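To keep things clear, I will list the structure first and then write my remarks on it.
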Amino acid sequence: MGRGPSALGDLASERRPPRRTIWLRLAVVAGVAVVVVVAVVVVGLRAHDSDEDGAVGAVITTTTRSADTTPVSAVWNIPQAFLGTWHGVAVDGPREFDVELIIKPGKNSEELVLSSQSDRVSGGRCDSVERVITVDEAELTLVARRTGGSDCPDGTTSTIRLGSDSSITYTAATRTGTLRRS
């Protein structure tokens with residue numbers, strides 16, 4: 001018997017694609033996988049940035065949040081009775097503050113309340129955005145993140161309670177007041 005190629009050896013080499021073809025197929029599969037992953041990430045980011053319920057005026061925060069670890073209750077929509085702009089006066093001992101709250105539609109755990117407080121004597125102003133941490137039909141609990149001014153540290157908790165006369169009672173730290181829709 002000679003040392004030439006065997007019949008089986010010739011058949012085996014004919015069935016196996018050249019190495020270049022194998023690498024080309026792997027590159028195509030890897031490229032398709034990368035395109036699919038990028039598409040999933042882009043669609044996911046767009047869905048996250050859009051308002052899930054189509055609510056008009058939802059607040060999307062683009063600034064860096066503090067390390068707020070305040071737990072939230074189950075996810076609930078803010079009741080319609082709270083929505084809108086509210087004005088009134090809150091007192092803190094002898095000091096009086098003009099308070100404005102703008103409550104936007106959305107779900108708890110979102111920053112939905114814009115708050116502004118102005119000291120009637122000094123004129124000092126404090127602006128914050130407040131994250132809703134608990135919701136029920138008659139009360140919201142909020143935690144503040146200061147966005148401007150002074151005399152309002154981050155992480156201050158406040159409560160808004162619906163009154164029977166179409167007002168709300170606002171309580172934050174030692175400040176309490178009655179606000180009316182405007």
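Small disclaimer: the values here were computed from a predicted structure and weren't measured.
Both tests hold for R175 against F97: distance to the six-membered ring centre under 6.0 Å, angle to the ring axis within 45°.
Under the side-chain contact (heavy atoms from CB on, under 4.5 Å) criterion, L162 pairs with A81, F82, I168, not counting sequence neighbours. With sequence neighbours excluded, the residues that form a side-chain contact (heavy atoms from CB on, under 4.5 Å) with V89 are E96, D98, R120. For S116, the side-chain hydrogen bond (donor to acceptor under 3.5 Å, both in side chains) test picks out R125, D127, with sequence neighbours left out. With sequence neighbours left out, the side-chain contact (heavy atoms from CB on, under 4.5 Å) criterion links S166 to no other residue. For T174, the side-chain hydrogen bond (donor to acceptor under 3.5 Å, both in side chains) test picks out D92, with sequence neighbours left out. Taking the side-chain hydrogen bond (donor to acceptor under 3.5 Å, both in side chains) definition, one finds that S115 meets it with E130, sequence neighbours left out. Annotation: side-chain hydrogen bond (donor to acceptor under 3.5 Å, both in side chains) contacts of S164 (sequence neighbours excluded): none.
Contact check for I78 versus I103: side-chain heavy atoms found under the 4.5 Å cut-off. With contacts defined as side-chain heavy-atom distances shorter than 4.5 Å, the pair L142/T157 does not qualify. Annotation: side chain of L114 is in contact with side chain of K104 (closest heavy-atom distance under 4.5 Å). Within the 4.5 Å cutoff, side-chain heavy atoms of P79 are placed close to those of V135. At a threshold of 4.5 Å between non-hydrogen side-chain atoms, the residues V132 and T134 do not count as touching. Side-chain contact between V113 and I102: absent, with no pair of heavy atoms (C-beta onward) separated by less than 4.5 Å.
Annotation: salt bridge (Lys or Arg N to Asp or Glu O under 4.0 Å) contacts involving residues 157-168, sequence neighbours excluded, comprise E139-R161, D165-R180. For residues 87-151, the pairs satisfying disulfide bond (SG atoms under 2.5 Å apart) are C126-C152, with sequence neighbours left out.
Summarising the geometry, atom CD belonging to E100 is positioned 9.0 Å from atom OG belonging to S118; distances are rounded to the nearest 0.5 Å. Distance check, rounded to the nearest 0.5 Å: CZ of R181 to CG of L101 gives 11.5 Å.
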Practice prompt. Decide side chain to side chain contact (heavy atoms under 4.5 Å, CB included) for Y170 and S158; before the verdict, give the C-alpha distance in whole Å, the side-chain angles of both, and the deciding distance to 0.1 Å.
Written response: CA-CA 7 Å; Y170 173 76; S158 59; 4.0 Å; yes
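Counting all heavy atoms, side chain and backbone alike, T156 lies closest to A173 at CG2-CB, 4.5 Å.
Salt-bridge annotation for E111 and R145: present, with a side-chain N of the basic residue lying under 4.0 Å from a carboxylate O of the acidic one.
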